[in-house]
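Note sheet for the following structure.
Per chain, numbering begins at 1; letters A, B, ... match sequence-line order.
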Protein chains: 2
Amino acid sequence: MNSQAAVSVKRIADSTVRRLSAYLRFLEDFEGRGLMTISSEELAKRGGTTSAQVRKDLSFFGSFGKRGLGYSVPELAGRLREILGLGREWKIVIVGAGKIGAALAQYRGFRQRGFSILAAYDNNPEKIGRKLEDIPVRDIDQLERDIEREKPDIAVLTVPAEEAQSVVNRVVSVGVKAILNFAPTQLHAPADVTVKTVNMAMELEGLSFALTNRE
Amino acid sequence: MNSQAAVSVKRIADSTVRRLSAYLRFLEDFEGRGLMTISSEELAKRGGTTSAQVRKDLSFFGSFGKRGLGYSVPELAGRLREILGLGREWKIVIVGAGKIGAALAQYRGFRQRGFSILAAYDNNPEKIGRKLEDIPVRDIDQLERDIEREKPDIAVLTVPAEEAQSVVNRVVSVGVKAILNFAPTQLHAPADVTVKTVNMAMELEGLSFALTNRE
DNA sequence: TTTAACTTGTGAATGAATTCACAAGCCGCT
DNA sequence: AGCGGCTTGTGAATTCATTCACAAGTTAAA
Ligand SMILES: NC(=O)c1ccc[n+]([C@@H]2O[C@H](COP(=O)([O-])OP(=O)(O)OC[C@H]3O[C@@H](n4cnc5c(N)ncnc54)[C@H](O)[C@@H]3O)[C@@H](O)[C@H]2O)c1
Ligand SMILES: NC(=O)c1ccc[n+]([C@@H]2O[C@H](COP(=O)([O-])OP(=O)(O)OC[C@H]3O[C@@H](n4cnc5c(N)ncnc54)[C@H](O)[C@@H]3O)[C@@H](O)[C@H]2O)c1
């Protein structure tokens, strides 16, 4: 019954974390509509899963529901925010102020969820010094110095694939522990650094496979 | 020796397909450097997996290697392209010519892999009629008519979350069977339609969780 | 206070994915 | 032709994830 986020006694699967994220999104929707309680069954229907799955996912972290009633929407939302570490602001830097970097820098969805973008970095003199909406584009040469001073939590990589590993090495060398990579390449980092790669070409290939292999 | 991709006797896991995509990328790299054979071990090292995993993944589709030697790089690359359905051109439409839609429309990585973007659609009169690089932005009102004529294989959704389900319904109604969704919302579609969602906020929350729950 | 209708939380059962481990095959050398 | 070094392909074993199924708790109503 302790309130510090997550007892984390066993390793939590990635798929579980993604579902928790999804549940939180639905809860926020319900919160907005003023509903006070929700059952695992309703949550499951929204998320395309089963009620047993919902309850099992939550049970890794405690027991938040009331038998016969369901879950308190605001309480469960709060618990999920705690578990996911969303009770605080996370600071982000974007490396690569190109097309996709600019789209991310200008995206409001991140700030709304507590992710604050400090700056974007580029090596193109024409881009350095400009702003993307209100995010400054800084010289990549300042990267390490700035990171040591501002201590961002997450680096988002939107540089060409050939440059990506060297940027990983640079940000890791000054203490960044989490990286979101958009370059279509496999990155290597120490075990205490979490790297997630979003590879859109791979997603399209998944669709190509699905379209090709249907009986 | 049939050349139609995949015997597909059992359902292939999503994770397997993603790895096949990754293997293909490494093989193309090796091909470029003129190497002729590669072992499962080398492929595994590059992809951050194990050699047994590589061999098991490939074994679902046939046996392409030579014991004692490894795999022929060009042959295996060809087989993977066949399996993934990359032997042909896939036609894509983008719905939502906003920031992320524009970035995707202008991205060269897709065309290089056989994904050809026909057009982007928007409901904003200021955007309609313009071009994103060489991709035309068309009126969303033409969506169904154009799809029936041009028969795109894949629809990419980059509209606001509230609009996403209605766009799904529209493209599904005229026969689209594969959707790549960037809106942060759960979509519902008939079982014969494959929907993949790329949810960047969810990826960031995964990083937030990892940073928060480390012992 | 009793009952009926619900819903949670969780072990146990099932199902899926990964890893192990080794026989079988290939190559080059002597 | 035989041997040693390597590497595949694959059942069997293991590990991990999901689903089942039900006791236990809650509410509301009579
Ligand atoms: N545009 C897309 O829709 C899209 C989709 C999927 C993946 N990606 C990937 O995202 C990455 C960026 O793509 P993009 O389309 O934005 O390309 P882009 O060329 O528009 O942007 C890349 C930016 O990185 C900068 N850059 C290059 N080397 C750098 C370095 N060493 N340090 C700092 N900045 C550097 C460039 O000046 C440029 O501004 C690529 O790896 C690409 O494969 C892009
Ligand atoms: N920009 C990002 O980096 C980013 C990141 C993650 C997710 N997303 C998601 O991608 C989607 C688009 O984001 P964006 O930043 O490009 O927003 P945006 O506002 O720049 O683009 C949305 C575009 O869709 C058009 N549109 C709206 N309703 C439409 C309809 N019914 N039919 C056709 N077109 C319509 C708008 O005119 C606009 O051009 C959103 O769902 C957003 O949550 C964006």
Side-chain angles (χ1 to χ4, degrees), chain A residues 1-2 6-23 26-27 30 35-77 79-80 83 206 209, chain B residues 1 6-23 26-27 30 35-73 75-77 79-80 83 206 209:
Chain A
M1 199 84 338
N2 82 65
V7 190
S8 205
V9 56
K10 39 169 68 181
R11 220 189 72 72
I12 301 297
D14 221 67
S15 51
T16 300
V17 177
R18 304 178 77 83
R19 283 192 300 267
L20 294 178
S21 251
Y23 304 153
F26 304 141
L27 287 168
F30 278 104
L35 300 177
M36 290 313 283
T37 63
I38 188 171
S39 67
S40 57
E41 185 57 44
E42 288 172 276
L43 224 27
K45 206 176 302 163
R46 287 296 218 92
T49 180
T50 65
S51 64
Q53 180 76 82
V54 172
R55 295 198 300 277
K56 182 65 87 179
D57 286 341
L58 296 176
S59 77
F60 294 133
F61 301 95
S63 48
F64 311 133
K66 270 212 170 48
R67 288 163 197 234
L69 237 202
Y71 301 87
S72 150
V73 170
E75 191 206 323
L76 185 57
R79 290 317 194 94
L80 287 177
I83 291 165
F209 177 85
Chain B
M1 195 76 345
V7 190
S8 207
V9 55
K10 40 170 69 181
R11 220 190 71 73
I12 300 298
D14 219 68
S15 50
T16 299
V17 178
R18 304 179 76 82
R19 283 192 300 267
L20 294 178
S21 250
Y23 303 153
F26 305 141
L27 287 168
F30 278 103
L35 299 176
M36 291 313 285
T37 63
I38 188 172
S39 68
S40 56
E41 185 58 45
E42 288 172 275
L43 225 26
K45 205 175 304 164
R46 286 296 219 89
T49 179
T50 65
S51 64
Q53 180 77 81
V54 171
R55 296 198 300 276
K56 181 68 83 180
D57 286 341
L58 296 176
S59 77
F60 294 134
F61 302 94
S63 48
F64 310 132
K66 270 210 171 49
R67 289 163 196 235
L69 239 202
Y71 301 87
S72 150
V73 170
E75 191 206 322
L76 184 56
R79 292 313 196 95
L80 287 177
I83 291 165
F209 177 84

> Distance check: side-chain N/O of B:Tyr71 vs OP1/OP2 of D:dG9, anything under 4.0 Å?
Replying inline: yes

> How many Å lie between CZ on B:Arg55 and C1' on D:dT7, as a whole number?
Replying inline: 7 Å

> Got a donor-acceptor pair under 3.5 Å from the side chain of B:Arg67 to the base of D:dT7?
Replying inline: no

>> Is the phosphate of C:dT7 approached by A:Ser40 (side-chain N or O, under 4.0 Å from OP1 or OP2)?
In response: no

>> Would you say B:Arg19 places a side-chain N or O within less than 4.0 Å of OP1 or OP2 belonging to C:dT18?
In response: yes

> Only one of B:Glu42, B:Met36, B:Glu41 clears side-chain contact (heavy atoms from CB on, under 4.5 Å) with B:Ile38; which?
Replying inline: B:Glu42

>> Can you work out whether A:Asp57 or A:Gly68 has the more 5'-proximal nearest nucleotide on DNA chain D?
In response: A:Asp57

>> Can you measure B:Gln53 atom CD to D:dT8 atom C1' for me and round it to whole angstrom units?
In response: 15 Å

>> Counting the atoms with a prime plus P, OP1 and OP2 as sugar-phosphate, which does A:Ser51 contact under 4.0 Å by heavy atoms, base, sugar-phosphate, or nothing?
In response: nothing

>> Using the side-chain heavy atoms of B:Lys66, tell me which of these nucleotides is nearest: D:dA21, D:dG9, C:dC27.
In response: C:dC27

>> Could you tell me how far apart A:Arg79 (CZ) and C:dG9 (P) are, to the nearest whole angstrom?
In response: 11 Å

> How long is the gap from OG1 on A:Thr16 to CZ on B:Phe209, to the nearest 0.5 Å?
Replying inline: 8.5 Å

> Could you give the CG-to-C1' distance, from A:Leu69 to D:dA24, as a whole number of Å?
Replying inline: 15 Å

>> I need the A:Leu80 CG to A:Leu20 CG distance, nearest 0.5 Å.
In response: 6.0 Å

> Say you draw a straight line from NZ of A:Lys56 to OG of A:Ser51; how long is it, rounded to the nearest 0.5 Å?
Replying inline: 12.5 Å

> What is the distance, rounded to the nearest whole Å, between atom CZ of B:Arg11 and atom P of D:dT18?
Replying inline: 13 Å

>> Rounding to an integer number of Å, can you tell me how far A:Lys56 NZ sits from C:dT8 P?
In response: 14 Å

>> C:dT8, OP1 or OP2 - any side-chain N/O from A:Ser63 closer than 4.0 Å?
In response: no

>> Can you tell me if A:Thr50 touches the phosphate of D:dT19, counting only side-chain N or O atoms and a distance under 4.0 Å to OP1 or OP2?
In response: yes

> CG of B:Leu58 versus P of C:dA17: gap in Å, rounded?
Replying inline: 17 Å

>> If you define the side chain from C-beta out and look only at heavy atoms, does anything of B:Asp57 sit under 4.5 Å from B:Thr49?
In response: no

> Quick one: which of D:dT7, C:dG9, C:dC20 gets closest to the side chain of B:Ala52?
Replying inline: C:dC20

>> In whole Å, I'd like the distance from the CG atom of B:Leu43 to the C1' atom of D:dT8.
In response: 13 Å

